2 protein chains.
Amino acid sequence: MIANEVKAELAAGKLAEYEQLSKIYDDIVKQARPRMTVEGQGKILLALADEDHQSQHHLASRLAMSPQSTSEFVAKLAKRHLVTLAKSTKDRRVNLVSLTPQGREEIASAAQEVPPFLQVLTEAEQDELYVLLTKITNAMYADIDAANPTLGVKFHKLFAGHYLNRFKK
Amino acid sequence: MIANEVKAELAAGKLAEYEQLSKIYDDIVKQARPRMTVEGQGKILLALADEDHQSQHHLASRLAMSPQSTSEFVAKLAKRHLVTLAKSTKDRRVNLVSLTPQGREEIASAAQEVPPFLQVLTEAEQDELYVLLTKITNAMYADIDAANPTLGVKFHKLFAGHYLNRFKK
DNA sequence: CATATTAATCAGGGGGCCTTATTGTATTTT
DNA sequence: AAAATACAATAAGGCCCCCTGATTAATATG
């Protein structure tokens, strides 16, 4: 059991190292804008990618953020022309949020192009990695869902939809 | 080559999915303070872990941040009692930054405890994952180093030292 | 000694995420 | 129609990261 514990720790450490390193990598090597993240504006884009034309209230409850924050982020996205606002005809209080083509592009481009460092793995290794990570992410989804049933499933759907759409075409 | 490309994309996507998901995981499941990150104050702690008693100027150039930012972050760390400041006796302009015991503890605790989701992997799989990620991070270090020779090596040393120290004891 | 140069700080600003409180407007309930 | 409720926007504030510009204090140079 000791041995197992060490292996688990090593793996955990590497995973953490990878996470931190990937930030630095983006910074220094790609010299790129911080990728779309899963908070704030990015969270909203992701939710819209899953289901367009949502009301702010709908977004807020779905993403577990306050309506005020939602309003702020939507406004910022609108300013960046990634999103448009239109009052609902049925209920003129609600403001429907919709993705613009640029918004869709932003999301698509955030679906990573393959980073060059993955090329150091053989095809078989890439496969292995995919399998291992899938086990891990599935376990994470389960934990998230257990902790917050109303959110877990939704994020799963969000991510699954996001990262799989590319292969449907 | 097509097949390989798809496998690489799948792996890349999963990696990205894992990264995003781990933020949500921390948020929802661990309900924890955002872990120490590799920017701002965290970056400085990490640099000090690698080499203590550095001047702010040294830190700034090493971490590629402005002296003003460095000053700001150091002040914040001092306020949190993670770091102390002491004027150099050789040159009374320079302010040597040193870790406090609490500062060391902060860094140590940021070295992840093993997250439960890793337990879904068998011992052999944890091993595999470690090996694969090591290949990847090594490739990243090389890329980072190529892009910025003065920084790459240092970050490597930073991380390597950080994540390996636990196993030296 | 007077004049750079250097280390660090102060002042101010921009953008990000996120919160609570307040207000306006539209719709439902009574 | 009046009152309660719901959607959204606005204001203000907190904390984070990070920058430029100007300033102080100490040291090095002419």
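Chain naming here is simple, since letters A, B, ... match the order of the sequence lines and numbering starts at 1 in each. Computed from a prediction, not measured in an experiment: that's the story for all the values here.
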Below 4.0 Å: OP1/OP2 of [N] and any side-chain N or O of [X]:
{"X": "A:Gln41", "N": "C:dG15", "result": "no"}
{"X": "B:Ser55", "N": "C:dA7", "result": "no"}
{"X": "A:Lys76", "N": "C:dG16", "result": "yes"}

Notebook entry, point to check: Nearest 0.5 Å, what's the NE2-CD distance between B:His81 and B:Gln102?
Noted result: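 Reported value, rounded in 0.5 Å steps: 7.0 Å.
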Margin query: So, taking the atom named CD in B:Gln56 and the one named CD in B:Glu72, what distance separates them when rounded to the nearest 0.5 Å?
Written below: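 Nearest 0.5 Å value for the CD-CD distance: 11.5 Å.
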Whole-Å gap separating [atom2] ([N]) and [atom1] ([X]):
{"X": "B:Leu77", "N": "C:dT9", "atom1": "CG", "atom2": "P", "result": "12 Å"}
{"X": "A:Lys90", "N": "C:dT25", "atom1": "NZ", "atom2": "P", "result": "25 Å"}
{"X": "A:Arg92", "N": "C:dG24", "atom1": "CZ", "atom2": "P", "result": "18 Å"}
{"X": "A:Lys87", "N": "C:dT27", "atom1": "NZ", "atom2": "P", "result": "10 Å"}
{"X": "B:Ile44", "N": "C:dA8", "atom1": "CD1", "atom2": "P", "result": "12 Å"}
{"X": "A:Leu46", "N": "C:dC17", "atom1": "CG", "atom2": "C1'", "result": "17 Å"}
{"X": "A:Arg80", "N": "C:dG15", "atom1": "CZ", "atom2": "C1'", "result": "11 Å"}
{"X": "B:Phe73", "N": "C:dA8", "atom1": "CZ", "atom2": "P", "result": "16 Å"}

Students often get this wrong, so: under 4.0 angstrom with heavy atoms, is [X] touching a base, only sugar-phosphate, or nothing?
{"X": "B:Glu72", "answer": "base"}
{"X": "A:Pro67", "answer": "nothing"}
{"X": "B:Thr70", "answer": "nothing"}

Check: Got a sec, which residues hit side chain to side chain donor-acceptor pair (under 3.5 Å) with A:His58, two or more places apart in sequence or on another chain?
Finding: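 Expected list: A:Gln54.
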Next item on the list: For A:Gln68 and for B:Asp91, find the nucleotide of DNA chain D with the closest heavy atom, then tell me which residue's nucleotide is more 5'.
Entry: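 Closest to the 5' end, via its nearest nucleotide, is A:Gln68.
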Any side-chain to backbone donor/acceptor pair from [X] onto [Y]? Under 3.5 Å, distance only.
{"X": "B:Gln126", "Y": "A:Ala11", "result": "no"}
{"X": "A:Thr134", "Y": "A:Tyr130", "result": "yes"}
{"X": "B:Asp143", "Y": "A:Tyr25", "result": "no"}
{"X": "B:Thr100", "Y": "B:Leu82", "result": "yes"}

Check: Earliest and latest nucleotide of DNA chain D, 5' to 3', sitting under 4.0 Å from a non-hydrogen atom of chain A?
Finding: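 The footprint of chain A covers D:dA6 to D:dT10.
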Notebook entry, point to check: Between B:Leu96 and A:Thr89, which is nearer to the 5' end of DNA chain C once each is assigned its nearest nucleotide?
Noted result: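 Looking at DNA chain C, the more 5' nearest nucleotide goes with B:Leu96.
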Next item on the list: Establish whether the base of C:dT6 is bridged to the side chain of B:Arg93 by a donor-acceptor pair shorter than 3.5 Å.
Entry: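 Indeed, a donor on one side and an acceptor on the other fall under 3.5 Å apart.
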